[in-house]
2 protein chains.
Amino acid sequence: MGPARQANHTDRNKRPMGKDATESRDLAAMATARLRHAGLRPTRQRVELAGLLFQDCDRHVTAESLHDEVAQAGVKVSLATVYNTLHQFTGAGLLRQVIVDASRSYFDTNTGDHQHFFLEDEGMLIDIPGEHIAVSGVPSPPAGMAVDRVDVVVRVKRA
Amino acid sequence: MGPARQANHTDRNKRPMGKDATESRDLAAMATARLRHAGLRPTRQRVELAGLLFQDCDRHVTAESLHDEVAQAGVKVSLATVYNTLHQFTGAGLLRQVIVDASRSYFDTNTGDHQHFFLEDEGMLIDIPGEHIAVSGVPSPPAGMAVDRVDVVVRVKRA
DNA sequence: CTCACAGTTTAGAACGGTTCTAATGCGTTG
DNA sequence: CAACGCATTAGAACCGTTCTAAACTGTGAG
Ligand SMILES: [Mn+2]
Ligand SMILES: [Mn+2]
Ligand SMILES: [Zn+2]
Ligand SMILES: [Zn+2]
């Protein structure tokens, strides 16, 4: 397959490009690559969501916040697909889940070693780098159990 | 009100007592005292639930587990009342809430400084005394925020 | 390029833990 | 004991999440 042919194929399902055509293409291309690498088919919806999640800095989202955000961007993705995608990305190691609220699930694009501030008033998470924080004196787990991970949540409120 | 009158009044709503009559009376009396001290009316339901929660060692319950347990004991208390009571006890400082699962609320009779193992397979909590465990290197919270508390959850799984 | 298939998306229903409603019950005080 | 106000309750509502099953689409074979 020659270069002209490939370009044609790649562009087939694209909307007309505006001023940030190059940016968009790079973003989509990177999202697509990331998805393929994780063994996930780069569908329109997954590329769109990956674009939002992984473009800039680390992010903490809920299904609903991401659903709102993708709608805001003028793209229609069902809430079920947002849930599916968040779980698939988590399974693929692209996201991790953070449990800080008894009634809402947060997903974190930072899968490295770190902990969190949780702003209880706003339901917002802020990363604490793993190098900064340390937990010591953890007793050995009950017999037959192995530590899966140690989560620290620093709950903060308006002073 | 004289002593005879008071004893009469205290016994009014009691079931017939079995072999552990004294134990039961002490338990109910202690629960009642604890409730009054917390500014809560000692209703039949609250006394019953307090009796289960505070009789022995520290406990970790969910609304449903406590509801099952009180039913097991042959006492009928509605699930709504269990929820109300857990929240009232928490408000009164008799319990604290522990957030380890995105879809279930745990309540802890140990309100002192401590942390938890969470057995993910069984949904079970085990205390880690506060003296044993330490968190260091917590950055100062965002401007205008104050640390409410620092929670450590050591998630363990079958080895 | 087309086709067929397996994987994906979707609307809407179902689910499960929790909260709400408003009617009934009961602990307290006088 | 009466009367008041808080507490309890059944059942409905709520809401985040998961399920269902039908329509759709990315992919690789031909
Ligand atoms: Mn909350
Ligand atoms: Mn869970
Ligand atoms: Zn994070
Ligand atoms: Zn505990």
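Residue numbers start from 1 in every chain, and the chains themselves are labelled A, B, ... in the order their sequence lines are given, proteins ahead of strands.
- Nearest-nucleotide positions on DNA chain D for B/Leu40 and B/Leu79 put B/Leu40 closer to the 5' end.
- Dashed line: the shortest gap from a side-chain N or O of B/Arg46 to OP1 or OP2 of D/dA7 is under 4.0 Å.
- Of the possible polar contacts, one joining the A/Arg155 side chain to the A/Val100 backbone as a donor-acceptor pair under 3.5 Å is found.
- The residue A/His67 sits apart from the nucleic acid: no heavy atom pair falls under 4.0 Å.
- Distance from the side chain of A/Val77 is smallest for C/dT10 among the nucleotides C/dT19, D/dT27, C/dT10.
- Taking side-chain N and O atoms only, B/Lys76 has a distance below 4.0 Å to OP1 or OP2 of D/dA10.
- Of the candidate nucleotides C/dT9, D/dA10, C/dT18, D/dA10 has the atom nearest to the side chain of B/Ser78.
- Rounded to whole angstrom, the span from the CG atom of A/Leu86 across to the C1' atom of C/dT8 amounts to 15 Å.
- The separation between A/Gln97 atom CD and D/dG16 atom P is 16 Å, rounded to whole Å.
- Dashed line: the shortest gap from a side-chain N or O of A/Arg104 to OP1 or OP2 of C/dG17 is not under 4.0 Å.
- Spacing between atom CG of A/Asn84 and atom C1' of D/dT25 amounts to 15 Å, rounded to whole angstrom units.
- Under 4.0 angstrom from either OP1 or OP2 of C/dT19 there lies at least one side-chain N or O belonging to B/His87.
- The phosphate of D/dT17 (OP1 or OP2) has a side-chain N or O of A/Tyr83 nearer than 4.0 angstrom.
- Here the side chain of B/Asp127 pairs no donor or acceptor atom with the backbone of B/Asp58 at under 3.5 angstrom.
- No side-chain donor-acceptor contact under 3.5 Å links B/Asn110 and B/His60.
- In terms of phosphate contacts, B/Thr62 brings no side-chain nitrogen or oxygen within less than 4.0 Å of OP1 or OP2 of C/dG17.
- Residue B/Gln88 places no side-chain N or O under 4.0 Å from the OP1 or OP2 atom of D/dC6.
- A/His87 and A/Phe107 have their aromatic ring centers within a separation under 6.0 angstrom.
- The side chain of B/Thr81 lies closest to D/dT9 when the candidates are D/dA7, D/dG16, D/dT9.
- Between the side chain of B/Tyr106 and the backbone N or O of B/Gly123, at least one donor-acceptor pair lies under 3.5 Å.
- The distance between atom CZ of B/Arg44 and atom C1' of D/dC6, rounded to the nearest whole Å, is 16 Å.
- Remark: C1' of D/dT17 and OH of A/Tyr106 are 15 Å apart, rounded to the nearest angstrom.
- Look at A/Thr43 and you won't find any side-chain N or O under 4.0 angstrom from OP1 or OP2 of C/dG7.
- For D/dC15, neither phosphate oxygen OP1 nor OP2 lies less than 4.0 angstrom from any side-chain nitrogen or oxygen of A/Ser103.
- One can place CD of A/Glu48 at 12 Å from P of C/dT9, the figure rounded to the nearest angstrom.
- Regarding B/Glu64, its CD atom lies at a distance of 14 Å from the P atom of C/dT19, rounded to whole Å.
- Residue B/Ala80 is the one, among B/Arg41 and B/Ala80, whose nearest nucleotide of DNA chain C lies closer to the 5' end (criterion: closest heavy atom).
- Between the side chain of B/Arg41 and the backbone N or O of B/Arg46 there is no donor-acceptor pair closer than 3.5 Å.
- Taking 4.0 angstrom as the limit, B/Gln45 places a side-chain polar atom (N or O) nearer than this to OP1 or OP2 of D/dT9.
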